[in-house]
Amino acid sequence: MDQTAPAASAQNQSAPHIPKRGARACTACRKGKNRCEGEAPCRRCAHNGIACVYEKPEKKPVNGLNGASVERLSRLEGQYLVMQSQMIGMQSSLDRILSLVQTQQASNGMAPHPMYNNGAGPSREGPGFLPPHRNGLDMGPPQTERQRFPPLPGFAPPPHKYATYGIVPSTAPSSDDESEDTLPRATLNAPIEALQGLANAAAELAAAPSAEPPRVKKRKRAEPIPRNAFPHVVEKGLVSDSEARELYNIFFAGCHLFIPLFDPMYDTYESLMERTPWTFDAILAVAGKIRSGNGPLSPTFYKCLEEAQGIARSSLFGPVVRKEAVQGMLLLAAWSTNGWLPSGHAMRMALDLGLHRALEKLADDTGKQRTPDEERDLVVSARIWLCLYWFDHQMSLGTGRPIVLRDESSIRHCRLLLNHPMASPTDVRLISQVELIAQKTQIYETLAPLNGQVNHNTLSFIRRANVALDKWWSDCDELHRQTMDQDSLLRKILAGELHYAKLWVVCVALRGVAWDKMPFEQRELAFQAKDAASNCLSIFLTSPEYRAALRYAVHDSLVTAAFSGLFLLKMASLFPAELDLGAIIGQVEQLAQLLSEVAAERYALTLRIMLANLRRKVGIISGVATPAPTMPPPTFAQEMLVSPTFVDPALPPPFTMEELGFVWPSDRNIFSPSAIPVWLQEQSLADLGLPVNGSDGIFLQMNGANGWTGDITPMPEAW
């Protein structure tokens, strides 16, 4: 024992000292890649006689929140939605299989269990199921004679693979040219947890600061356009191809001038049919209404409208991936009398699709090269956004509702479309509308809070506003003049919009001001507005192009004409000795007849009521000279008739049908005074200002319809 102890001690003294690895290393040890104790001074530096310095190592730069990361996150989210849609489709398929199994069990005498059926009766997808007649019309040949498409949904989507509009996964094979930060298509069948983990990792990477420029990615190969979720009416056999082509030609004969959404060279019949059944069906519905005119609406109109509105309802609670969906919703809003809600939904779909950034991308001059398809996509997106921006603002200003979007930066580069190689002939009108509505929005935000308190500052502002409107017209008319002559329809529409804008400015400023309390300056304003209304009406009546195109017009254009006539009648009632009553009555009677000819009876009847009121007040005997002495009253007005024995002391005497210029037995019914809007009644004749709720407080209300005329089944009320 005594011999081994000294030997072990000698062995320990001769063994070299191995330093422990510290939590950090000094500069000398780190450069030499040596082990360091992590204490100052370390043994190696002390042995070598050098200074032992500890420095905090620099972190490697990490990619930050740049455009590439944002695009990658956006792709991941979209692919997540596609995967979710696949799972819904798988669940629906399993439900159908189970339904068939239970049906077989029932045929064998076994009691089936209840399935996910929205109502009593057989399942919508069960064997032998035939959809009921909707709107009292035959929807085409039985399902067994043609390809079996599901009926369109109501508020609940149907249990089939077409349940979510626009979400159809791509079948393109995975390729080697995909960028590294793109989720491979083959992983769409992976569990949701794995996809969520990738999204979380991408979010952590994007949150770190970055000093490096974004990485240049390889261009991906364009994937084939996925199949649309719903078939169009021609594919379903509801409308023949020849009739659909006829309706398409009717729409592009004039409708596209009032809603400049399309480029006729790009949006051909075959292109629209393939790209967007929703917009295709909406175009046919609008054209079907125009083709019917004053006559009964055709079955084709009801079928196309029901199909388009059915697809629209399916977009409320599901993701939308096609910009053409915004076009379809905007068309349904533009030719509807209650387009406020659908236009708001279209606005939110456009924001979700990023259409408000299209003009900014077009204006990007960083030198990035775009393919023709990418350039076309940006141009179409910008055109849709500008048209939607104009329509939503116009609806808000016209009905007194709040504006959904107040971001003017999204339209800052709107004139880029005019000089673009892919510009449409109607883009010049679109740009004019957008610039006008931007000016009207600023004017409204200045005048509306005054509530009729007109002072010298207000009068000065109105004069400056009129100067700005004149400059707007001069600039835009110069743009039109480059490709159009003096009598062209679009230049006539432009001049009419200038006069109506001047009338509208005064009516907003005089809201709530009684004429008998007006000082001289305000009376001058009123007579300036009278001149603007008369000029606006003159353009409608004297231009053959405008009269012929009025059958294609949207409700906003009809309101422009009708309100001008109503304002002239109010001025004639207040100042009968200072105005030419015969000329005014003649103009308004022509306008009422013209509106009746283009199936705008809501506005024509409102004008006839004001005409009858003026005749009573100034002592003109009857409406025998009315240009429509042989017309029956419109269908919707028959709901506003009361018994001839009706008497209400609180209301003025009711109008007879003869006073309104209609052929109607005097012993049957008379027009109810309570149906007349307050703005048109006797106690409001002294108010020349625009009512707070705009056109909703001026024109007769249409009850029982879904915003479209005709015998349409009412929708259930929302909870």
Side-chain angles (χ1 to χ4, degrees), residues 149 152 162 165-166 168 224-291 300-301 303-312 314-315 320-336 342 346 349-350 353 355 358 372-373 375-388 391 417 422-427 429-430 552 554:
F149 291 110
L152 283 170
Y162 300 121
Y165 174 73
V168 179
I225 299 176
R227 184 185 185 278
N228 282 286
F230 287 100
H232 48 73
V233 290
V234 176
E235 187 177 0
K236 294 183 74 171
L238 302 178
V239 180
S240 66
D241 182 75
S242 60
E243 186 178 14
R245 290 181 181 274
E246 176 191 355
L247 295 175
Y248 170 87
N249 293 330
I250 290 176
F251 183 89
F252 281 94
C255 294
H256 71 296
L257 300 177
F258 292 92
I259 296 292
L261 263 177
F262 303 99
D263 180 0
M265 300 299 295
Y266 172 69
D267 297 308
T268 61
Y269 176 84
E270 291 78 10
S271 175
L272 286 174
M273 177 189 289
E274 178 184 358
R275 288 188 289 115
T276 167
W278 183 353
T279 304
F280 182 77
D281 293 348
I283 286 175
L284 300 189
V286 171
K289 176 181 180 297
I290 293 170
R291 184 180 63 177
T300 299
F301 162 75
K303 294 174 184 178
C304 295
L305 180 63
E306 184 180 17
E307 294 292 313
Q309 289 185 340
I311 301 176
S314 72
S315 71
V320 175
V321 298
R322 294 175 179 270
K323 59 183 177 299
E324 289 84 2
V326 183
Q327 289 179 312
M329 185 63 79
L330 185 53
L331 288 180
L332 293 177
W335 273 271
S336 169
M349 286 196 298
L353 292 171
L355 301 188
D373 290 339
E375 194 74 13
R376 171 70 69 180
D377 182 76
L378 285 179
V379 170
V380 173
S381 299
R383 185 177 295 124
I384 295 173
W385 174 254
L386 289 175
C387 195
L388 181 60
F391 185 80
L417 280 183
M422 298 180 181
S424 167
T426 57
D427 283 343
R429 166 159 167 76
L430 176 60
Y552 304 106
V554 295

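Hydrogens, waters and symmetry mates are skipped; everything else that's a heavy atom, side chains included, is used.
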Heavy-atom check, side chain of [X] versus side chain of [Y], under 4.5 Å:
{"X": "His232", "Y": "Leu284", "value": "no"}
{"X": "Asp241", "Y": "Met273", "value": "yes"}
{"X": "Tyr266", "Y": "Val379", "value": "no"}
{"X": "Tyr552", "Y": "Phe258", "value": "yes"}
{"X": "Leu261", "Y": "Phe391", "value": "no"}
{"X": "Thr426", "Y": "Phe262", "value": "no"}
{"X": "Leu355", "Y": "Lys323", "value": "yes"}

Quick one: pull up [atom1] in [X] and [atom2] in [Y] and give me the separation to the nearest 0.5 Å.
{"X": "Leu272", "Y": "Glu324", "atom1": "CG", "atom2": "CD", "result": "8.5 Å"}
{"X": "Asp281", "Y": "Glu235", "atom1": "CG", "atom2": "CD", "result": "10.5 Å"}
{"X": "Leu332", "Y": "Ser336", "atom1": "CG", "atom2": "OG", "result": "8.0 Å"}
{"X": "Leu330", "Y": "Trp335", "atom1": "CG", "atom2": "CH2", "result": "8.5 Å"}
{"X": "Asp377", "Y": "Glu375", "atom1": "CG", "atom2": "CD", "result": "10.0 Å"}
{"X": "Gln327", "Y": "Ile283", "atom1": "CD", "atom2": "CD1", "result": "7.5 Å"}

- Has the side chain of Arg429 got a donor or acceptor atom that lies under 3.5 Å from a matching backbone atom of Leu257? yes

- Query: Is a side-chain N or O of Asn249 found less than 3.5 angstrom from the main chain of Glu246, in a donor-acceptor match?
  - Reply: no

Looking at every non-hydrogen atom in both residues, tell me the closest pair between [X] and [Y] and how far apart they are.
{"X": "Ala358", "Y": "Ser381", "answer": "CB-CB, 3.7 Å"}
{"X": "Pro264", "Y": "Ser424", "answer": "CD-OG, 4.1 Å"}
{"X": "Val234", "Y": "Ala244", "answer": "CG2-CB, 3.6 Å"}
{"X": "Ile290", "Y": "Cys255", "answer": "CD1-SG, 3.0 Å"}
{"X": "Val320", "Y": "Leu353", "answer": "O-CD2, 3.1 Å"}
{"X": "Pro231", "Y": "Pro277", "answer": "C-CB, 4.1 Å"}

- Query: Are Asp263 and Arg376 close enough for a salt bridge, meaning some N to O gap below 4.0 Å?
  - Reply: yes

- Query: Under 6.0 Å between the ring centres of Phe280 and Tyr269?
  - Reply: yes

- Task: Could you walk me through whether Asp267 and Thr279 pass the side chain to side chain contact (heavy atoms under 4.5 Å, CB included) test, one step at a time?
- Result: CA-CA 11 Å; Asp267 297 308; Thr279 304; over 6 Å; no

